[in-house]
Protein chains: 2
Amino acid sequence: MVALTIGKLASATGTKVETVRYYERAGLIDPPARTDGNYRAYRPEDLERLRFIRRTRDLGFSLDEVRALLNLAAQRDRDCGTVDELATRHLEEIDRKIADLMALRRELAGVIASCAGGTMADCRILGAFAPSAAS
Amino acid sequence: MVALTIGKLASATGTKVETVRYYERAGLIDPPARTDGNYRAYRPEDLERLRFIRRTRDLGFSLDEVRALLNLAAQRDRDCGTVDELATRHLEEIDRKIADLMALRRELAGVIASCAGGTMADCRILGAFAPSAAS
DNA sequence: TATGGACCCTGTAGTTGGTACAGGGTCAAG
DNA sequence: CTTGACCCTGTACCAACTACAGGGTCCATA
């Protein structure tokens, strides 16, 4: 029998067992067949599918986006432009996040650089956190 | 009377009313006095405190870190080194996040660049998402 | 004085993407 | 036959809010 237990499936993909069950609840993987003892019995295709999920999650796609990608991948005759579009939009979002973090980083670094020691009462960092008054 | 309603406090700091109540539940702001009609009555100091919270939140500090900063700020005679340390650790974390996102961005951009159109069946992007087999 | 609308109150549930039990059942080895 | 590793379901928890539902209050205007 080529069937995998959930533990094998999980360790083969670097996923936790609970996460696999969570993906099933979330509708990302179909409920597999069960053994006599009510254990989940996965097929090799399920391993492929879970790997796909892991990979796309690692690339920062949300579960909704992963679901969409899985659905698209299943329609093998359709044009793949939609995939490109989805991935490109995701890339743009990553770019926005990077830009936001860099702006924040610049601001925080400025605040920290202003520190000249002393007590809390005259701390420049805390001062920078209190917009109007010095308290 | 200088007391502010929760709505005034919220709009003066760009916060939602529910968020202010949430901060109270989370122990970031003390439960204020109440009016006869059981409305929260805030003092100007509360406005300062909420501004501080908003500012530090905007700089990416977690609520736990904000709590710590508020506690430190209250001990006006202590040395402010701890504040500097907390802020510096936070900056390092931001740097890690930026680095992670940039690595991810590079990888995703590579995947997208490989796209040559065609059907899902021979989509290079989907191929890059399926680690071993082509399915 | 009545009434309407803007505001406030508490309490609870939902969001994302899992993680962590509790309290059981199954399976294989020794 | 027992032990330990694994599996099952169901529920609760995390951050940091947000969004109601179902009520109460306040004040300006008709």
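Just so we're on the same page: letters track the sequence lines, and every chain starts at 1. Here the structure is a predicted model, which is why all the values come from computation and not from measurement. Only heavy atoms go into these numbers, but all of them, side chains included; no hydrogens, no water, no symmetry mates.
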Arg40(A) side chain N/O closer than 4.0 Å to the phosphate oxygens (OP1, OP2) of dC7(D)? no
Within the structure shown, what part of the strands sits under 4.0 Å from Tyr23(B) by heavy-atom distance: base, sugar-phosphate, or nothing? sugar-phosphate
Do Tyr23(A) and Arg57(A) have side chains that approach each other closer than 4.5 Å (heavy atoms only, starting at C-beta)? yes
Rounded to the nearest Å, what distance is computed from the OH atom of residue Tyr22(A) to the C1' atom of nucleotide dT19(C)? 11 Å
Leu63(A), nearest nucleotide to its side chain (from dG17(C), dT10(C), dC6(D)): dG17(C)
Classify the nucleic acid contact of Arg21(B) as base, sugar-phosphate or nothing, counting any heavy atom under 4.0 Å across all strands shown. base
When the distance from CD of Glu18(B) to C1' of dC7(C) is rounded to whole Å, what number comes out? 12 Å
Walking DNA chain D from its 5' end, the first of Asn38(B) and Asn38(A) to be reached, judged by nearest nucleotide, is Asn38(A)
Taking only side-chain N and O atoms of Thr19(B), does any of them lie within less than 4.0 angstrom of OP1 or OP2 on dC17(D)? no
Flag the pair Phe129(A) / Ile53(B) as yes when at least one side-chain heavy-atom distance between them is below 4.5 Å, and no otherwise. no
Grab the CD1-P distance between Ile53(A) and dG17(C) for me, whole Å please. 13 Å
May I ask you to evaluate whether Lys16(B) reaches the phosphate of dA19(D), defined as a side-chain N or O under 4.0 Å from OP1 or OP2? yes
Base, sugar-phosphate alone, or nothing: which one does Thr35(A) contact when heavy atoms must sit under 4.0 Å apart? nothing
Given that Tyr39(B) and Asp64(B) both sit by DNA chain D, which one's nearest nucleotide is further toward the 5' end? Asp64(B)
Could you tell me how far apart Glu24(B) (CD) and dT18(D) (C1') are, to the nearest whole angstrom? 17 Å
Does Arg57(A) have a side-chain nitrogen or oxygen under 4.0 Å from the phosphate oxygens OP1 or OP2 of dG18(C)? yes
Figure out the CZ/C1' separation between Arg54(B) and dC17(D), and round it to whole Å. 11 Å
dG17(C) C1' sits how many Å from Leu59(A) CG, rounded? 17 Å
Is any side-chain heavy atom of Thr13(B) closer than 4.5 Å to one of Leu47(B)? yes
Could you state the atom-to-atom distance from CG of Leu50(A) to C1' of dG17(C) in whole Å? 14 Å
Cluster overlap Leu70(B) with Val20(B), hydrophobic side-chain contacts below 4.5 Å: yes
Flag side-chain contact, heavy atom, 4.5 Å: Leu91(B) against Arg105(A): yes
Would one find a side-chain N or O of Arg25(B) under 4.0 angstrom from OP1 or OP2 of dC9(C)? no
Roughly how many Å is it from CG in Asp36(A) to P in dT26(C), rounded to a whole number? 11 Å
